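Numbers for residues simply follow the sequence, beginning at 1. Bear in mind that the values here come from a model prediction, so they are computed numbers and not experimental data.
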Amino acid sequence: MVNKRWTCEDEELCKEMLRCGKSYEEVAKKVGRTVESIKNKNWKFWKVNKKIIHDIDFARGVFLKNGLVLEEGQNYKNIIAPMTGISKEGYKAYQSVANVRNGHPPLLFGLGNPHTIHNIRVWLSINEPLYKLTSDSFDGTDEYLNWIDDKGNSFKQTWTRFQWGLRNPNTKVERMAETKRRKPHEVRKEYNELLADGWSLMEGEEFKYVNTQVPLMVINEEGYRAMTALLNLQQRHSKPSIFHINYFETSTFNMHLWLRLNPNFKFGSNYMLKDDEIYRGKNARYKFICEIHDEFTAIWDNVRSGHGCKECYLENNRGKNNVNYNPNKTDEERERGRYIRGYDKWRVAVYDRDRYVCILCGDSRGGNLNAHHLDGYNWCKEKRIDVDNGVTLCKSCHFDFHDIYGYGANTRNQFDEFYTHRHCLKKPIRGG
């Protein structure tokens, strides 16, 4: 037996038969292959669970889980053979069990679906009941089909253009004169039926209706506004978005409204957006006014999540409000361990002035230097980041000093004494 090139259909059929418990010999005879070629494919795992048998009931269950009822009178072949499923609206989808199981959307209109003509007639019964399709074959979306309009006139039009709203080209001018578009009360009714709960078409917007692709303004119960087209609601493509870069006017209105509806939302301070600001996207920076700390700049998404005015944040994260607050510490311990803004720059400035060398022993090894306060850090608050109040010491000399004079309440005179004793002569301290 000569082996030919494997195809996807042969592989799926082999897997399906092995899954159903068929032997290698039966499978080889069915597909016209040798037993060795099938074994070389390493499909043993398909025979592990012999209780799984895919049949018409299995296909019916897969279609039903995805909102489709399997049409009666069909025979199940394998998971890649297309079958016909019927939706609750009456559309017929022509899909394989594998595609349905994997969540692929059904193709309702196209050459790949032999039921396209049926589906077009179902669409007409739902959306345009006054029109009729007289063609019995479908050759593609760009091919002209035969139609009959609501007045009994025959015309030709493609299915794609018909969906766009183009009807009988011979009566186009007449139909425009008759204003054959949706009436205002019909527009309002359809919008309110398709919108999510709490949303409705804004008063007077129904009179601005042009076609299904032109957006109209909708409003919800809280007062937020949004722009959405009827076509998007019909196809369920999107929900009303209160912040959209393409509709900056309504988005700016919603920003002001959000700040009014969320007072004291995080730190007890009300924020207001500056009047000259317009919406530029959720990650853009805007100018706000804090009722306590005046003006600040922040990203809109950060403000909505509670990270707005930095001063409000710092005030509400100090002391007992801080997550790292330790009630067992004394005030002296808190003062000693408190971080001072500019302290890092002070250390670098002291090292740079002393050329990264210990002024006592000359040690310059990297990572072995400390910046020492001449007048103690804990009591001389006004000189904590004064470069003239610091000197560069290595770790060994630094420990020697504190072993003699202790930690805290150190003075410049103590260091002069230590320096003189270390060098057996009195020299002025650098920076003093």
Side-chain angles (χ1 to χ4, degrees), residues 267 283 285 290 293-299 302 305-432:
F267 301 122
N283 293 321
R285 301 186 71 86
C290 173
H293 302 103
D294 203 14
E295 185 177 310
F296 68 93
T297 304
I299 295 175
N302 291 348
S305 61
H307 302 286
C309 176
K310 292 183 179 180
E311 297 298 329
C312 289
Y313 175 79
L314 292 175
E315 287 183 3
N316 287 272
N317 282 276
R318 290 174 180 154
K320 295 182 180 180
N321 294 329
N322 193 287
V323 294
N324 297 317
Y325 178 78
N326 186 355
N328 299 322
K329 281 188 175 182
T330 63
D331 292 340
E332 183 179 352
E333 290 174 333
R334 298 185 201 284
E335 184 67 28
R336 188 184 304 120
R338 186 165 292 148
Y339 174 77
I340 301 298
R341 186 176 296 178
Y343 181 77
D344 292 338
K345 294 182 179 179
W346 171 83
R347 290 174 62 252
V348 174
V350 172
Y351 293 156
D352 188 60
R353 185 202 59 200
D354 294 335
R355 299 183 179 180
Y356 292 85
V357 175
C358 175
I359 67 170
L360 292 177
C361 66
D363 189 353
S364 61
R365 288 177 296 168
N368 193 41
L369 299 178
N370 294 143
H372 171 72
H373 284 85
L374 297 175
D375 289 327
Y377 175 91
N378 62 326
W379 66 271
C380 190
K381 298 180 181 180
E382 64 275 7
K383 293 184 179 181
R384 284 180 172 176
I385 55 174
D386 185 355
V387 178
D388 293 336
N389 190 42
V391 291
T392 302
L393 300 178
C394 66
K395 290 183 179 180
S396 178
C397 293
H398 199 202
F399 290 150
D400 290 345
F401 172 82
H402 285 296
D403 284 343
I404 298 173
Y405 298 98
Y407 290 85
N410 300 125
T411 64
R412 181 185 295 268
N413 292 333
Q414 289 176 348
F415 190 80
D416 285 341
E417 181 181 320
F418 178 73
Y419 185 89
T420 303
H421 180 268
R422 177 64 65 95
H423 291 274
C424 297
L425 55 90
K426 188 173 183 180
K427 295 182 180 179
I429 301 305
R430 191 179 303 181

If you take all heavy atoms of [X] and [Y], which pair is closest and at what distance?
X    : Y    : answer
W379 : D375 : CZ2-CB, 3.7 Å
Y351 : L369 : OH-O, 3.2 Å
N370 : K395 : OD1-CG, 3.6 Å
L393 : I359 : CD2-CG1, 4.1 Å
S364 : V357 : CB-CG2, 4.0 Å

Check the pair D416, H421 against side-chain contact (heavy atoms from CB on, under 4.5 Å), reporting the backbone distance first and the verdict last. CA-CA 9 Å; D416 285 341; H421 180 268; over 6 Å; no
[X] side chain to [Y] main-chain N or O, any donor-acceptor pair under 3.5 Å?
X    : Y    : result
R384 : Y343 : no
N410 : G406 : yes
E417 : Q414 : no
R412 : L374 : no

Donor + acceptor pair across side chains of N368, D363 (<3.5 Å):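 Present: a donor and an acceptor within the cut-off.
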How are the rings of H372 and F401 set relative to one another: parallel (under 30°), tilted (30 to 60°) or perpendicular (over 60°)?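 Aromatic pair H372/F401 classed perpendicular.
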As a quick check of understanding, evaluate ring-ring contact (aromatic ring centres under 6.0 Å, His included) for H373 and W346, giving each step before the final call. CA-CA 11 Å; H373 284 85; W346 171 83; 4.1 Å; yes
Quick one: do F415 and T420 satisfy side-chain contact (heavy atoms from CB on, under 4.5 Å)? Show the steps, please. CA-CA 8 Å; F415 190 80; T420 303; over 6 Å; no
Who passes ring pair (Phe, Tyr, Trp, His ring centres under 6.0 Å) against F399, sequence neighbours left out?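 Not a single residue meets the ring pair (Phe, Tyr, Trp, His ring centres under 6.0 Å) criterion with F399.
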Any chance you could measure I385, atom CD1, to R347, atom CZ, to the nearest 0.5 Å?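 Atom-to-atom, I385:CD1 and R347:CZ are 14.0 Å apart.
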Kindly write out the residues that satisfy side chain to side chain contact (heavy atoms under 4.5 Å, CB included) with S396, not counting sequence neighbours, or none if the list is empty.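 Partners of S396 by the side chain to side chain contact (heavy atoms under 4.5 Å, CB included) criterion, ordered by chain and then number, come out as C394, D400.
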